[in-house]
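Okay, structure first, notes after.
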Amino acid sequence: MAETSRSFYSTLIPNFSKPISSIRRTTSVSPNTILKRNSESCSSISTTTANDSSIITANKKIPWGCDVDSLENASLLQSWLTESGLPEQRMAIRKVDVGERGLVALKNIRKGEKLLFVPPSLVISADSEWSCPEAGEVLKKNSVPDWPLLATYLISEASYMKSSRWSNYISALPRQPYSLLYWTRSELDTYLVASQIRERAIERINNVTGTYEDLRLRIFSKYPHLFPEEVFNMENFKWSFGILFSRLVRLPSLEGRNALVPWADMLNHSCDVETFLDYDKSSKGIVFTTDRPYQPGEQVFISYGRKSNGELLLSYGFVPREGTNPSDSVELLLSLDKSDDCYGEKVEALKRHGLSAFQRFPVQITGWPLELMAYAYLAVSPPSMAGQFEEMAAAASNKTTSKKDMRYPELEEQALQFILDGCESSISKYTKFLQGSGSLDLDVTSPKQINRKLFLKQLAIDLCTSERRILFRSQYILRRKLRDMKSGELQGLKILNGFLKFFN
């Protein structure tokens with residue numbers, strides 16, 4: 001598992017601007033083009049020599065950050081945080097087996113202890129002070145939401161290098177976060193062809209691209225002295241959004257603020273841990289409470305939230321081992337039959353509740369949600385039940401307070417068969433991919449040691465294996481239910497025939 005993300009207490013999906021239909025790619029800049037920024041004037045751009053420490057080379061390689069296993073940068077971060085007011089810690093940054101860097105216990109830690117105590121002054125949020133105040137004012141004047149504002153802030157501070165207060169933190173961030181944002185379209189189509197996470201990844205990439213293009217057209221192009229294209233380009237935005245997706249946390253007790261928390265974001269994830277970050281009013285710091293004891297030298301873990309393996313891969317770039325994630329699920333794609341006489345009516349009913357003819361539902365090893373069953377009822381319902389279409393569509397939406405646990409006994413068998421058909425269709429796609437991929441047994445905890453192509457392929461195999469396992473379980477449950485229903489029907493026919501023979 002790579003060190004890629006930190007604790008999302010809850011799902012944080014930014015409200016991106018709609019992608020612009022015609023996207024102009026940023027003109028590439030020669031590697032010889034360099035930008036020097038200093039804190040005295042945020043509009044100063046000059047050419048200087050290649051040995052200047054504050055040079056930014058405008059090419060595809062991110063000029064800041066470090067390799068994900070760099071302990072030197074992590075040690076500098078730790079020293080700077082201590083000098084800036086971080087209390088003495090009971091953990092230290094080390095190379096670890098699970099993730100490439102992590103926080104390791106220095107002393108015995110009891111269950112129920114509060115750790116970290118990062119003060120709000122060492123947290124990056126939408127209210128943080130800019131090295132270039134004019135740039136921050138422009139974004140706020142244009143009412144830019146927190147996510148794109150923080151993405152821009154991170155790039156702006158990174159471009160100031162040593163002049164920025166956050167220099168040591170940014171230097172310790174991974175130069176290339178492990179995220180599906182960095183997968184090419186060809187890689188997504190090849191390796192995630194069977195998984196619905198592919199669609200989520202494409203949607204996310206399009207949203208990030210659209211958000212950048214919106215900022216570039218509305219703001220950056222109008223203030224080139226504040227937002228030079230050599231710095232504020234698509235490649236750097238991909239990096240900053242990768243950092244946000246993998247490290248931004250929501251702090252419920254700090255007015256729900258979204259924030260980057262240096263030091264805390266060195267914690268790796270464990271599916272067995274349920275503790276999360278939050279602001280502690282008594283100690284006035286960001287803390288988490290351990291839910292198990294740790295011995296010296298043992299890695300301390302935190303939860304990134306109850307996420308499926310696909311969601312963990314999407315934001316954080318790793319897949320837990322099969323069967324170890326109790327929150328794992330697979331998105332099952334279902335669709336209405338276009339040949340249905342009531343297809344148009346059903347689609348309209350779904351649209352009124354924010355759904356469509358094609359809908360994805362999460363299926364877990366323990367079963368499927370009530371919304372899926374309601375959608376299945378709607379899909380198989382005959383014209384004679386047109387009066388119930390609205391009720392079924394409402395129940396299929398998770399945005400309604402209407403009763404969802406409805407039953408239509410006359411449709412039960414058809415609905416279960418509909419879901420079974422969807423499961424078996426998905427299983428065939430997974431099986432085709434896995435059979436074509438062959439068998440790999442790579443150590444994906446050390447991606448630097450293996451070829452990128454093999455690494456991505458192994459992640460895809462791990463994800464598809466875990467998702468197919470859930471579908472196999474659902475297939476078994478559905479077949480058993482259908483068999484029992486048919487057995488019951490046969491038994492009922494036998495009893496009825498017995499009565500008829502008796503009376504005859």
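Residue numbers run from 1 in the order of the sequence given.
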Worksheet item: When you look at Glu203 and Asn207, which way does the side chain to side chain donor-acceptor pair (under 3.5 Å) test go after all the steps?
Response: CA-CA 6 Å; Glu203 181 181 11; Asn207 282 338; 4.5 Å; no
Practice prompt. Check the pair Tyr191 / Trp183 against side-chain contact (heavy atoms from CB on, under 4.5 Å), numbers first and verdict last.
Written response: CA-CA 10 Å; Tyr191 299 125; Trp183 289 40; 4.0 Å; yes
Practice prompt. Quick one: do Glu235 and Lys238 satisfy side-chain contact (heavy atoms from CB on, under 4.5 Å)? Show the steps, please.
Written response: CA-CA 5 Å; Glu235 196 65 27; Lys238 189 193 299 183; 3.9 Å; yes
Fill in: Worked check of side chain to side chain donor-acceptor pair (under 3.5 Å) between Ser171 and Asn73
CA-CA 6 Å; Ser171 296; Asn73 295 61; 4.8 Å; no
Worksheet item: Could you walk me through whether Thr290 and Arg110 pass the side-chain contact (heavy atoms from CB on, under 4.5 Å) check?
Response: CA-CA 7 Å; Thr290 58; Arg110 300 185 306 275; over 6 Å; no
Fill in: Check against side-chain contact (heavy atoms from CB on, under 4.5 Å), Leu86 and Val118
CA-CA 6 Å; Leu86 185 74; Val118 180; 3.8 Å; yes
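Counting only distance, with no hydrogens or angles, the side chain of Ser329 and the backbone of Ser308 share no donor-acceptor pair below 3.5 Å. A donor-acceptor pair under 3.5 Å links the side-chain atoms of Asn142 to the main chain of Val138, judged by distance alone. Side chain of Ser128 to main chain of Ser125: a donor-acceptor pair is present (N/O by atom type, distance under 3.5 Å, no hydrogens or angles). Between the side chain of Gln359 and the backbone N or O of Ser356 there is at least one donor-acceptor pair closer than 3.5 Å.
You'll find the side chain of Trp64 reaches within 4.5 Å of the side chain of Asn236, heavy atoms only. Side-chain contact between Ser156 and Ser131 is absent, with no heavy-atom pair separated by less than 4.5 Å. With contacts defined as side-chain heavy-atom distances shorter than 4.5 Å, the pair Lys140/Leu149 qualifies. For the pair Leu154 and Leu260, the minimum side-chain heavy-atom distance is below 4.5 Å. Side chains of Ile243 and Pro174 form a contact here, defined as non-hydrogen atoms less than 4.5 Å apart. Inter-residue side-chain proximity for Arg247 and Leu173 is flagged as met; some heavy-atom pair is nearer than 4.5 Å. Residues Trp368 and Leu332 fail the side-chain proximity criterion, which asks for heavy atoms closer than 4.5 Å. Annotation: side chain of Leu350 is in contact with side chain of Tyr375 (closest heavy-atom distance under 4.5 Å).
Of all heavy-atom pairs spanning Arg101 and Ala172, the tightest one is NH2-O, 2.8 Å. Of all heavy-atom pairs spanning Leu180 and Ile205, the tightest one is O-CD1, 3.7 Å. In terms of heavy-atom proximity, Ala264 sits nearest to Leu116 at CB-CD1, 3.6 Å. Contact record, Ala259 with Leu251: CB-CD1, 4.2 Å, taken as the closest heavy-atom pair. Nearest heavy atoms, Tyr153 versus Glu129: OH-O, 2.8 Å. Shown here for Asn309 and Asp328, the closest heavy-atom pair between the two residues is N-OD1, 2.9 Å.
Interatomic distance, CZ of Arg306 versus OG of Ser327, reported as 6.0 Å (0.5 Å rounding). To the nearest 0.5 angstrom, Leu463 atom CG is 6.0 Å from Leu313 atom CG. Rounded to the nearest 0.5 Å, atoms CD (Gln299) and NZ (Lys95) are 14.0 Å apart. In this structure, SG on Cys132 lies 7.0 Å from CZ on Phe227, to the nearest 0.5 angstrom. Ile109 contributes atom CD1, which lies 10.0 Å from atom CZ of Arg292 (distance to the nearest 0.5 angstrom). Here the CG atom belonging to Leu103 is positioned 8.0 Å from the CD atom belonging to Gln89, to the nearest 0.5 angstrom.
Using modelled atom types, one finds no donor on one side chain facing an acceptor on the other under 3.5 Å when comparing Glu274 with Ser303. Inspection of the Tyr430 and Glu467 side chains reveals an N or O donor paired with an N or O acceptor under 3.5 Å. A donor and an acceptor atom, one from each side chain of Arg204 and Ser315, are located under 3.5 Å apart.
Every pair passing salt bridge (charged side-chain N to carboxylate O under 4.0 Å, His left out) that includes a residue from residues 173-198 is listed here, sequence neighbours excluded: Asp67-Arg175, Arg185-Asp189, Glu187-Arg452, Asp189-Arg198. Note on residues 353-362: pairs passing salt bridge (charged side-chain N to carboxylate O under 4.0 Å, His left out), not counting sequence neighbours, are Glu331-Arg360. Sorted by first and then second residue, the ring pair (Phe, Tyr, Trp, His ring centres under 6.0 Å) pairs involving residues 78-123 (not counting sequence neighbours) are Trp80-Trp166.
Note on Glu113 versus Lys107: no salt bridge recorded, every NZ/NE/NH1/NH2 to OD/OE distance being 4.0 Å or above. Salt-bridge check for Glu213 with Arg216: passed, with a basic side-chain N closer than 4.0 Å to an acidic carboxylate O.
For Phe237 and Phe220, the ring centers sit closer than 6.0 Å to each other.
Partner His269 forms a ring pair (Phe, Tyr, Trp, His ring centres under 6.0 Å) with one of Tyr304, Phe276, Phe301 and no other, that one being Tyr304.
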